[in-house]
2 protein chains.
Amino acid sequence: MSADSGLSDTQWNVLSESCPSRTSLARIANKWTAMIVIVLTDGPQRFGAIQQTVQGISGKVLTDTLRALERDGILTRHSYPENPPRVEYELTALGRTLTEPPPRWGGGPRSTSTRSWPPGTAATSRTTR
Amino acid sequence: MSADSGLSDTQWNVLSESCPSRTSLARIANKWTAMIVIVLTDGPQRFGAIQQTVQGISGKVLTDTLRALERDGILTRHSYPENPPRVEYELTALGRTLTEPPPRWGGGPRSTSTRSWPPGTAATSRTTR
DNA sequence: CGGGATCCTTAGCGATACTG
DNA sequence: CAGTATCGCTAAGGATCCCG
């Protein structure tokens with residue numbers, strides 16, 4: 001397969017303004033997301049447990065961040081209609097991909113030089129030359 | 001060495017409010033830092049080249065981010081007193097560590113279950129139980 | 001060309017109080 | 001317990017003009 005597929009690799013270049021991966025980056029690149037993902041790596045956790053483990057996060061911000069991650073399919077929310085109420089958050093398969101390096105990093109060749117990040121991206125911004 | 005050193009491993013737990021690594025995280029977890037590091041992975045780049053490659057970044061924000069990264073030792077700034085002026089930015093050894101996964105991820109065991117993130121951290125926030 | 005200086009907008013974050 | 005609802009602050013981000 002391959003050869004001349006319609007979507008060029010430049011479409012998946014993070015450096016491109018219209019690249020969809022910028023949305024993913026925006027979700028990761030904030031103060032709390034990474035820590036929450038870390039906490040959930042070991043399995044489902046309750047709201048209160050997360051808040052205690054991720055020291056310094058306020059209830060509101062935790063709620064906001066969890067909701068955003070839920071919308072994006074990073075984690076799922078399970079509400080148990082008990083009293084007192086219990087709510088658990090769990091990483092989805094997609095969310096678990098955040099807890100380990102991308103395939104290429106684990107399996108690819110271990111060369112350390114002249115490596116461009118997304119394959120075929122090579123940030124050689126040739127302006128004049 | 002080892003045995004009873006003063007600094008416990010909980011001191012290097014990102015989840016801890018006083019953990020120094022939160023400073024590092026704060027530097028990474030913003031809109032542009034990651035992209036700038038990506039661009040510089042292939043070698044030194046000029047200010048203008050970076051701005052063109054990292055699409056959508058404004059001059060001021062690029063300057064601010066570069067200055068912050070320079071202060072933190074992630075990259076170095078080389079100014080050549082020519083006309084027109086030329087300034088190049090280059091990743092330091094520390095900055096280059098951001099372009100590859102931490103040692104443990106590359107070399108450690110490939111187990112996928114019951115793994116806690118920083119060694120000996122295990123986010124098992126036991127509140128009551 | 002590579003900024004510095006200003007000004008402005010927004011959104012992320014945080015504290016507090018209240019509720020099912 | 002796990003939220004929601006406000007309110008407020010600050011810093012990140014952005015537009016524009018100016019300068020050596």
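Letters A, B, ... are given to chains in the order of the sequence lines, protein chains preceding strands, and every chain is numbered from 1. What you see is a predicted model; the values in this text were computed from it and never measured.
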**Asked** How close or far is atom P of D:dG3 from atom CD of A:Q45, stated in whole angstroms?
**Response** 14 Å
**Request:** Only counting residues at least two apart or in another chain, list the ones meeting side chain to side chain contact (heavy atoms under 4.5 Å, CB included) with B:S24.
**Result:** none
**Complete:** Here the salt bridge (charged side-chain N to carboxylate O under 4.0 Å, His left out) pairs for residues 79-91 of chain B, sequence neighbours left out, are B:E82-B:R86, B:R86-B:E88
**Request:** Please work out which residues in residues 69-86 of chain A have a non-hydrogen atom less than 4.0 Å from an atom of DNA chain C and list them by number.
**Result:** A:P85
**Item:** Euclidean distance, atom CZ of residue B:F47 to atom C1' of C:dG2 [Å, nearest integer]
**Value:** 6 Å
**Asked** Excluding sequence neighbours, so at least two apart, what forms side chain to side chain contact (heavy atoms under 4.5 Å, CB included) with A:T97?
**Response** A:L94
**Item:** Euclidean distance, atom CD of residue B:E88 to atom P of C:dG3 [Å, nearest integer]
**Value:** 11 Å
**Complete:** With sequence neighbours left out, the residues meeting side chain to side chain donor-acceptor pair (under 3.5 Å) with B:E17 are none
**Bending between helix ends of the helix from C:dC1-D:dG20 to C:dG20-D:dC1 [5 pairs per end, 10° resolution]** = 50°
**Asked** What salt bridge (charged side-chain N to carboxylate O under 4.0 Å, His left out) pairs are there with at least one residue in residues 48-57 of chain A, not counting sequence neighbours?
**Response** none
**Request:** Rounded to the nearest angstrom, tell me the gap between atom CG in B:L62 and atom C1' in D:dA15.
**Result:** 15 Å
**Asked** Is the closest side-chain heavy-atom distance between B:I50 and B:Y89 below 4.5 Å?
**Response** yes
What does the list of N/O pairs under 3.5 Å between the protein and nucleotides 8-13 of chain D look like, with a distance for each?
from: D:dG13; atom 1: OP1; to: B:K31; atom 2: N; distance (Å): 2.9
from: D:dG13; atom 1: N7; to: B:K60; atom 2: NZ; distance (Å): 3.2
from: D:dG13; atom 1: O6; to: B:K60; atom 2: NZ; distance (Å): 3.1

**Request:** Using whole Å, report how far OH of B:Y89 lies from C1' of C:dG2.
**Result:** 7 Å
**Contacts of B:T33 that satisfy side chain to side chain donor-acceptor pair (under 3.5 Å) - sequence neighbours left out** = B:N30
**Complete:** With sequence neighbours left out, the residues meeting side chain to side chain donor-acceptor pair (under 3.5 Å) with B:S58 are none
**Item:** Length of the line joining B:Q51:CD and C:dG2:P, which is rounded to integer Å
**Value:** 9 Å
**Prompt:** In whole angstrom, what separates A:L66's CG from C:dG12's C1'?
**Reply:** 16 Å
**Prompt:** Is any side-chain nitrogen or oxygen of A:R46 closer than 4.0 Å to OP1 or OP2 of D:dA2?
**Reply:** yes
**Request:** Kindly write out the residues that satisfy side chain to side chain contact (heavy atoms under 4.5 Å, CB included) with A:R27, not counting sequence neighbours, or none if the list is empty.
**Result:** A:A68, A:L69, A:D72
**Request:** For residues 48-65 of chain B, pull every pair meeting salt bridge (charged side-chain N to carboxylate O under 4.0 Å, His left out), keeping only residues two or more places apart or in separate chains.
**Result:** B:K60-B:D64
**Prompt:** Is it true that a side-chain atom of B:S79 and a backbone atom of B:V87 form a donor plus acceptor pair closer than 3.5 Å?
**Reply:** no
